[in-house]
Student: 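Below: one structure in structure tokens.
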Amino acid sequence: MSDAIFLSAGVPDPRRSPEDAKTANTVAIQAAVSALLFVTLGRRPLVWGGQPGITPMVWVVAEDMGLDYGRWVKLYQSRFFQDEYPEDNIRFQNVTFIDSVNDSRDDSLLAMRKAMFQQNQFSAAIFIGGMKGIVDEYELFQKLQPQATILPIASTGGATLEVAKRLGTSDPDLFDNLDYVSLFHRRLGIQEQERRYIRPDEQPADIADRLWKPDPRRPA
């Protein structure tokens, strides 16, 4: 996929990462993910690593919009976790499975992430909540997609706070602004007037041709 947006998001597990769970705002995490889906689906391709807590949200929003989510969304999964795949995976027609490596969780995740970042051209990456894996994805994404915009939504807490720290940003828009729909429209450069398309191949290449235009037959 070209001009895609990468989503790295998750709700921290207090048993695995108590420090990230302590700072995470679960309501904000869900609101930010929902807002990103609302702004991007049907307008930009979305790629992510299949976090179990996020997968059903993506499917529900895409279904409600009447979009061919298998064309707009690309889900990556490592075969290392094949016994843990969420049932929602079967609803996605666009899943890329990456073989496990050395029967190692870390090596397998690294291979999956490299595949995500090398097989797609991204315009931006969004980081929301999460645990250590969020930071790992940030570090690798920055190396392999240096031209892309990186937006750590620090108001959601979790490991995204560490991403913001490493990025060296204290941008109030990322730390304090809870109007996520407006934030994503502005920071991703997606105009509210941009139409949604059921499939990417229906979308005009020129953004100006995607915008709603007033009907000249109707009085102003």
Side-chain angles (χ1 to χ4, degrees), residues 1-13 16-17 19-20 23-24 29 32-33 36-37 39-40 43-55 58 72-81 94-171 173-175 180 183-184 186-190 200:
M1 289 185 174
S2 61
D3 198 29
I5 293 173
F6 172 61
L7 170 61
S8 182
V11 178
D13 184 337
R16 293 171 52 202
S17 184
E19 291 304 313
D20 289 326
T23 63
I29 291 171
V33 171
L36 180 67
L37 298 174
V39 171
T40 60
R43 293 165 168 160
R44 301 290 185 278
L46 186 68
V47 178
W48 91 106
Q51 294 87 346
I54 305 302
T55 300
V58 177
W72 281 108
V73 175
K74 191 170 187 178
L75 170 64
Y76 279 79
Q77 295 270 238
S78 170
R79 295 191 189 279
F80 181 85
F81 301 100
N94 200 2
V95 182
T96 299
F97 294 100
I98 306 299
D99 289 338
S100 61
V101 178
N102 302 325
D103 199 26
S104 163
R105 182 182 188 277
D106 290 344
D107 291 349
S108 298
L109 280 172
L110 178 59
M112 184 196 74
R113 289 163 178 160
K114 281 185 175 179
M116 280 196 298
F117 302 151
Q118 291 173 339
Q119 295 175 6
N120 301 280
Q121 185 65 41
F122 293 94
S123 61
I126 311 298
F127 296 89
I128 296 171
M131 299 184 286
K132 177 181 179 295
I134 295 272
V135 179
D136 294 339
E137 289 183 341
Y138 159 72
E139 294 288 355
L140 187 60
F141 184 91
Q142 192 178 48
K143 291 178 183 177
L144 298 180
Q145 298 273 341
Q147 80 297 334
T149 297
I150 294 178
L151 294 176
I153 310 304
S155 58
T156 61
T160 294
L161 290 173
E162 178 63 22
V163 172
K165 179 180 178 182
R166 296 190 183 196
L167 190 61
T169 181
S170 57
D171 186 344
D173 206 22
L174 302 176
F175 278 82
Y180 297 124
L183 186 156
F184 289 133
R186 285 185 288 101
R187 302 301 285 264
L188 296 176
I190 300 175

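Owing to the predicted nature of the structure, the values given are computational and were not obtained by experimental measurement.
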Student: Does this structure show an ion pair linking Asp173 with Arg186, if we count only N-O contacts that are shorter than 4.0 Å?
Tutor: yes
Student: Which pair of heavy atoms, one from Ile134 and one from Ala159, lies closest together, and at what distance?
Tutor: CB-CB, 4.0 Å
Student: Between Asp171 and Arg187 (salt bridge meaning N to carboxylate O under 4.0 Å), is one present in this structure?
Tutor: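 Yes, this pair counts.
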Student: Give a yes or no answer on whether the side chain of Arg16 reaches the backbone of Pro12 with a donor-acceptor pair at less than 3.5 Å.
Tutor: no
Student: For Ala4 and Val47, which heavy atoms make the closest approach, and how far apart are they?
Tutor: CB-CG2, 4.1 Å
Student: Locate the shortest heavy-atom distance separating Thr23 from Gly158; write the atom from each residue and the value.
Tutor: OG1-N, 3.0 Å
Student: Do Met116 and Lys74 touch side chain to side chain, with heavy atoms closer than 4.5 Å?
Tutor: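 Side chain of Met116 against side chain of Lys74, heavy atoms only: no contact under 4.5 Å found.
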Student: Heavy-atom distance under 4.5 Å between the side chains of Asp13 and Met131, does that happen here?
Tutor: yes
Student: Do Val33 and Tyr180 make a side-chain contact, defined as non-hydrogen atoms from C-beta onward lying under 4.5 Å apart?
Tutor: no
Student: What are the two closest non-hydrogen atoms of Gly129 and Thr156, and how far apart are they?
Tutor: N-OG1, 2.8 Å
Student: Are the side chain of Gln145 and the backbone of Phe122 linked by a donor-acceptor contact shorter than 3.5 Å?
Tutor: yes
Student: With heavy-atom distances below 4.5 Å as the criterion, would you say the side chains of Leu7 and Leu36 are in contact?
Tutor: yes
Student: Would you please test Phe184 and Ile190 for side-chain contact (heavy atoms from CB on, under 4.5 Å) and show each step?
Tutor: CA-CA 8 Å; Phe184 289 133; Ile190 300 175; over 6 Å; no
Student: Side chains of Thr160 and Val135, heavy atoms from C-beta outward: is any pair under 4.5 Å?
Tutor: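 No, too far: nothing below the 4.5 Å cut-off.
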Student: Nearest 0.5 angstrom please: Phe127 CZ to Leu151 CG, how far?
Tutor: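 The CZ atom of Phe127 sits 9.5 Å away from the CG atom of Leu151.
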Student: Checking side chain to side chain contact (heavy atoms under 4.5 Å, CB included) against Arg105, which of Asn102, Leu109, Asp103 comes through?
Tutor: Leu109
Student: Might you point out which heavy atoms bring Phe175 and Thr169 nearest each other, and give the distance in Å?
Tutor: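 What the structure gives for the nearest pair is CE1-O, 3.5 Å.
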Student: Can you find a pair of side-chain heavy atoms, one from Leu110 and one from Leu140, that are under 4.5 Å apart?
Tutor: yes
Student: Looking at Glu162 and Lys132, is any side-chain nitrogen of the basic one under 4.0 Å from a carboxylate oxygen of the acidic one?
Tutor: no
Student: If you take all heavy atoms of Ser123 and Ile5, which pair is closest and at what distance?
Tutor: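 Between these two residues, the closest heavy atoms are OG-CG1, 3.9 Å.
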Student: Taking side chain as C-beta onward, heavy atoms only, is Val101 less than 4.5 Å from Asp99?
Tutor: no
Student: If you define the side chain from C-beta out and look only at heavy atoms, does anything of Leu174 sit under 4.5 Å from Pro152?
Tutor: yes
Student: Can we call the ring centroids of Tyr76 and Phe97 under 6.0 Å apart?
Tutor: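 For Tyr76 and Phe97, the ring centres are not under 6.0 Å apart.
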